[in-house]
There are 2 protein chains.
Amino acid sequence: MGSRWGINRTVGQIYALLYISGRPLPADEIAEALNFSRSNVSMGLKELQSWRLVKLQHLAGDRREHFSTPDDVWQIVRILAEERRRREIDPTLSVLRDLLLMKPGNEDEREIQGRLAEMHDLIELLTRWSEDVQKLETQQLTQLLRLGGGIIRLLDLKNSLPLLGSKRRKTPQPATEDGLDED
Amino acid sequence: MGSRWGINRTVGQIYALLYISGRPLPADEIAEALNFSRSNVSMGLKELQSWRLVKLQHLAGDRREHFSTPDDVWQIVRILAEERRRREIDPTLSVLRDLLLMKPGNEDEREIQGRLAEMHDLIELLTRWSEDVQKLETQQLTQLLRLGGGIIRLLDLKNSLPLLGSKRRKTPQPATEDGLDED
DNA sequence: TGGTCTTTTCAGTAAAGACTGAAAGTTTTG
DNA sequence: CAAAACTTTCAGTCTTTACTGAAAAGACCA
């Protein structure tokens with residue numbers, strides 16, 4: 001299914017099995033259920049652990065290690081977002097920043113840096129935003145998402161309220177502690 | 001760099017070159033610049049076209065086909081989101097729905113369907129939301145993103161306004177045309 | 001229409017990635 | 001501390017994917 005998401009087919013199948021089975025499974029049961037070699041399962045689980053997508057636990061009266069997925073789907077989303085950021089986004093941003101630090105040797109290079117900067121800012125904006133909303137309570141997050149495009153009405157509302165408008169005021173106002181302005 | 005994003009390394013390099021060069025390039029210049037065979041470039045461009053990430057154009061006085069990326073970075077994000085949805089998300093949702101339509105044969109299967117339903121609803125919520133906000137003007141979109149976690153204050157504000165509260169009221173209210181409620 | 005320039009296709013090959021079984025490693029237990 | 005129970009590692013093999021050059025196909029022009 002979603003086997004093109006940086007994680008391979010086998011690993012995806014293992015994860016899916018753990019997710020739907022809803023209880024901790026030992027490696028050999030996974031191998032049997034999916035008809036993989038024991039060592040393949042071992043490697044898959046190792047990768048899933050490195051993504052923090054499964055956790056290991058010991059069940060009373062059984063010496064084998066058991067694995068399970070987080071029980072909250074939102075938790076899965078949060079972890080995935082964090083890991084992808086750490087592994088893919090951050091290194092990309094870092095390379096972009098390095099390139100932007102170089103002195104452009106000529107007009108062409110200056111233009112290229114301009115385009116790289118645009119890309120950098122875009123990625124950073126998206127990343128920061130996702131990081132921010134991931135921190136919200138699940139309850140708040142779902143409310144926000146359910147609002148969908150309707151969110152724009154809230155923004156309009158905000159812009160129409162003089163003290164909360166998004167434009168910087170020329171004369172300093174008394175601090176309102178509402179923090180709706182953004183730098 | 002981001003070569004693990006469902007698109008292979010070669011294709012990524014071609015796209016990056018087109019993006020930073022900022023002008024339409026013919027296939028043979030790409031092949032020369034990146035040291036790929038002409039046929040490899042041809043295939044890469046074909047894939048990029050199928051993703052609608054490059055467009056073909058003819059330049060006066062040159063018989064060769066030239067390719068370029070959209071000039072607006074936001075446009076790139078929008079196209080990427082749409083295509084990924086079409087290719088990956090929608091088929092996944094469709095499979096999930098099919099599974100949910102099946103009558104559970106026993107208690108275990110019922111539980112599994114429950115978990116699949118949770119996943120389905122999560123994906124659908126995220127997808128719908130992203131679809132919705134992609135439709136916003138770039139200007140509005142950036143405002144929203146820049147707000148980051150601060151968005152929660154707007155939600156709180158909304159919840160505190162009696163006529164706009166997110167809870168359904170028991171007695172029907174006169175229509176306010178604000179549409180902030182969501183079904 | 002034939003000739004020139006350009007792009008696409010495709011069969012074969014090269015490279016990358018996934019999977020396995022055997023062996024080594026680790027932990028628990030009598 | 002040795003045997004038993006379990007897990008990990010890794011070299012070799014199998015499978016999948018990427019890339020190439022040669023040939024075919026298409027477009028334009030005289």
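Throughout, a chain's letter reflects where its sequence line sits, starting with A, and its residues are numbered from 1.
Using a 4.0 Å heavy-atom criterion, one finds that R64(A) contacts the sugar-phosphate atoms exclusively.
For Q49(A), the CD atom is densely surrounded, since the number of other residues' heavy atoms within 6.0 Å is greater than 12. Under a cut-off of 6.0 angstrom, the local environment of CG in N35(A) is sparse, with at most 12 non-hydrogen atoms contributed by other residues, nucleotides or ligands.
One can place CG of D62(A) at 10 Å from C1' of dC6(D), the figure rounded to the nearest angstrom. To the nearest angstrom, C1' of dC19(D) lies 10 Å from CG of N8(B). Look at CZ on R9(B): it is 13 Å from C1' on dC19(D), rounded to the nearest Å. The separation between I14(B) atom CD1 and dA18(D) atom P is 13 Å, rounded to whole Å.
Contact check on R38(B) versus D28(B) returns no salt bridge, with no Lys/Arg side-chain nitrogen under 4.0 Å from an Asp/Glu carboxylate oxygen.
OP1 or OP2 of dT7(D) has not a single side-chain nitrogen or oxygen of K46(A) nearer than 4.0 Å.
Partners of W74(A) under the ring-ring contact (aromatic ring centres under 6.0 Å, His included) rule, at least two apart in sequence or in another chain, do not exist in this structure.
Geometrically, R87(A) engages W51(A) in a cation-pi contact, judged by NZ or CZ lying under 6.0 Å from the ring centre and within 45° of the ring axis.
In the 5' to 3' direction, nucleotides of DNA chain C lying under 4.0 Å from heavy atoms of chain B begin and end at dT4(C) to dC10(C).
No side-chain donor-acceptor contact under 3.5 Å links S130(A) and R78(A).
With R86(A) as the fixed residue, the side-chain hydrogen bond (donor to acceptor under 3.5 Å, both in side chains) test singles out one of E83(A), E82(A), E88(A): E83(A).
Side-chain contact check for V73(B) versus M119(A): some heavy-atom pair is nearer than 4.5 Å.
A heavy atom closer than 4.0 Å to some atom of DNA chain C occurs in F36(A), S37(A), S39(A), N40(A), these being the qualifying members of residues 29-45 of chain A.
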